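Working notes for the structure below.
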Amino acid sequence: MSLEVKVPMVGESITEVTIASWMKSNKDQVAMDEVICELESDKAAFEVTAEAAGILHIKAKEGDTLEIGAVLCEIEEGEGVTNSSGDIPSEPTALAEAKSTGEIIEVKVPAVGESITEVTIANWSKKEGDFVELDEVIAEIESDKATFDLTAEARGKLQIVAQEGETLEIGALICKIEVIEGEAPSEASSSPAPSETVSQHETYAAGHASPAARKILEEKGIAAKEVSGTGRNGRITKENAINAEKLQPRTTKSPEKRTTPEYSAPEMKSGVSREQKRERMSSLRKTVSRRLVAVKNETAMLTTFNEVNMKPIMDLRKKYKEPFKEKYQVGLGFMSFFTKACTVALQEWPAVNAQIDGEEIVYSDYCDVSIAVSTPKGLVVPVIKNAESLSFEQVEKEVVRLASKARDGKLSIEEMQGGTFTITNGGVFGSMMSTPIINAPQSAILGMHNIVERAVVESGEIVARPMMYVALSYDHRIIDGRESVSFLVRVRQLLEDPARLLLGV
């Protein structure tokens, strides 16, 4: 009896694949679930395993391009067929211990938030063909806002459809699960014997590079034998290839006598690298890039500047910093002063707190202030809800809480939704002056910068004061010059005389 092995479904948008390499030769003995060839598409590389034990009859050659569902090979199976080590199987395979119901569960990308339309597969926790339990985490998916765990919707054998790094829309097929009843396959029965593992290492896996890894090694000029593989059965993975460095042979030069001076290009010093590294843009980075370009193209953005004498705030902090921390268990920073000053100015100039929705202007009687936070994965903007009603202590605690969750990647969708106005502090990185880009669909953003001692004139005398430049970028379609400048002047007035924030004047 012959079993046809066809090109599997490897992704919704993939219609054809190319045979990268055969791990077995024609008429070789193959074991159940043994890797027999590698396929590659325009997006990723995949392994094809034997669906039964038997004799392999290859139907397509290396380099052939086949459509999904086309026949790759045939496996002649039967009672007398031996496994890859030449022995007649004496024990049933792991999956024989469990019973397949024949039901296939399709696992699709779940809805993870109202404003999220697509996600990227960050990594698979399980491999193709692994046994998974109900509600077990099988993959991690990330959006432009947060990271989520994908769990198994049934108990059975995993069939991966979408690969790591692939971006899918909500509702797209991500994997399938063949429902299995009975005991889960044991690790001992499903894994090959030590002698069989050694045989596989020697025959095809050890030192063999995947298509993606092979391409990287060719670009670097590194032979596969110079790289140790950490993949399955010693296979060289893409990560191994990226981290591989070419061994530089040691050469000695004999001194040459020159009768006339000659000029040539300078020799590169030992250890100097000219290699490049490519990394896939994260879903967060791609979304931020797309939105920033859209803001530049779709708004009439303009920036106005002013400067603030920070001495009154710094003196106030110096005087009450310790009592404040002792009472509230949180430090007294500059962000609470700027947040409170902005909420007062926003209520006096409501256009700065508004946004355009189609042909309408939406005015908000509350101030949800977004705080830009730099994280290892990129820029995120959590929101302080109803900041106008919070005290200094509440603002400081909320800033610390949101910033900590952002850097740990634990912000929820609700904590990043909304926002009527944004504050960003480039001063912590040493920025002297910048023009921040509006956080759409908001209409304005305030940029803080570093504090520098500068000479200023007070009462006819030149004195040194700690000064900060502040910038307000705004959408000129909704905010006029008078409103933007007046808003920034009001913020400056409140910061240079912080008693006004307490008295409401």
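For clarity, every value in this text was computed on a predicted model and none was experimentally measured.
Closest approach of Ile121 to Leu168, counting heavy atoms only: CD1-CD1, 4.1 Å.
Ile462 CD1: 12 or fewer foreign heavy atoms inside a 6.0 Å radius. Crowding of Glu461 atom CD: a count of heavy atoms from other residues, nucleotides or ligands under 6.0 Å not exceeding 12. A 6.0 Å sphere centred on CD of Glu169 holds no more than 12 heavy atoms belonging to other residues, nucleotides or ligands.
Side-chain contact check for Ile479 versus Asp475: every heavy-atom pair is 4.5 Å or farther apart. Looking at Ile104 and Val179, their side chains never come closer than 4.5 Å, going by heavy atoms from C-beta outward. Within the 4.5 Å cutoff, the side chain of Thr424 has heavy atoms near those of the Ile445 side chain. Using a 4.5 Å heavy-atom threshold, the side chains of Pro466 and Asn309 count as touching. Side-chain contact between Pro8 and Leu39 is present, with at least one heavy-atom pair separated by less than 4.5 Å. Looking at heavy atoms from C-beta onward, Met468 lies in side-chain contact with Phe338 at the 4.5 angstrom threshold. Counting only heavy atoms from C-beta outward, the side chains of Gln163 and Ile160 approach each other to under 4.5 Å. Contact of the Glu453 side chain with the Arg465 side chain is not registered, since no non-hydrogen atoms from C-beta on lie closer than 4.5 Å.
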Test side chain to side chain donor-acceptor pair (under 3.5 Å) applied to Asn353 and Thr420, step by step: CA-CA 6 Å; Asn353 198 45; Thr420 60; 2.7 Å; yes
Might you work through the salt bridge (charged side-chain N to carboxylate O under 4.0 Å, His left out) test for Asp130 and Lys127, ending with a clear yes or no? CA-CA 6 Å; Asp130 280 359; Lys127 297 179 181 178; over 6 Å; no
Let me see the working for Glu322 and Lys325 under salt bridge (charged side-chain N to carboxylate O under 4.0 Å, His left out), right down to the final yes or no. CA-CA 5 Å; Glu322 293 304 324; Lys325 187 171 185 178; over 6 Å; no
Apply side chain to side chain donor-acceptor pair (under 3.5 Å) to Glu396 and Ser336, showing your working. CA-CA 6 Å; Glu396 290 292 351; Ser336 55; 2.6 Å; yes
Could you go step by step and tell me if Asp408 and Lys410 meet the salt bridge (charged side-chain N to carboxylate O under 4.0 Å, His left out) rule? CA-CA 5 Å; Asp408 294 337; Lys410 297 180 179 179; 5.1 Å; no
Show, in sequence, the C-alpha distance, side-chain angles and deciding distance for Asp315 and Lys311, and conclude whether the salt bridge (charged side-chain N to carboxylate O under 4.0 Å, His left out) test is met. CA-CA 6 Å; Asp315 290 343; Lys311 190 175 187 305; 2.8 Å; yes
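By the side-chain hydrogen bond (donor to acceptor under 3.5 Å, both in side chains) test, Thr343 pairs with no residue at all, sequence neighbours left out.
Geometrically, Arg492 does not engage Phe487 in a cation-pi contact defined by less than 6.0 Å to the ring centre and at most 45° from the axis.
Here ring-ring contact (aromatic ring centres under 6.0 Å, His included) pairs that include residues 293-337, with residues two or more places apart or in two chains, are Phe324-Tyr328, Phe337-Phe392. The side chain to side chain donor-acceptor pair (under 3.5 Å) pairs that include a residue from residues 362-374 are Ser370-Gln442, where partners are two or more places apart or lie in different chains.
Pro110 pairs in a side-chain contact (heavy atoms from CB on, under 4.5 Å) with only one of the listed residues (Ile174, Thr151, Leu150, Ile170), which is Leu150. Just one of Arg155, Lys157, Lys126 meets the salt bridge (Lys or Arg N to Asp or Glu O under 4.0 Å) condition when paired with Glu133; it is Arg155.
A distance-only check finds a donor-acceptor pair linking the side chain of His449 to the backbone of Tyr469 [under 3.5 Å]. Formation of a donor-acceptor pair under 3.5 Å by the Gln394 side chain with backbone atoms of Ser391 is found in this model.
Under 3.5 Å, the side chains of Thr167 and Thr120 contain a donor-acceptor pair of N or O atoms. For the 3.5 Å distance criterion, the side chains of Asn386 and Glu388 qualify, holding a donor opposite an acceptor.
Look at Glu415 and Arg401 and you find a salt bridge, because one of the NZ, NE, NH1 or NH2 atoms lies within 4.0 Å of a carboxylate O, short of that distance. Salt-bridge annotation for Lys277 and Glu279: present, with a side-chain N of the basic residue lying under 4.0 Å from a carboxylate O of the acidic one. The pair Asp480-Arg482 fails the salt-bridge criterion, with no side-chain N (NZ, NE, NH1 or NH2) lying under 4.0 Å from an Asp/Glu carboxylate O.
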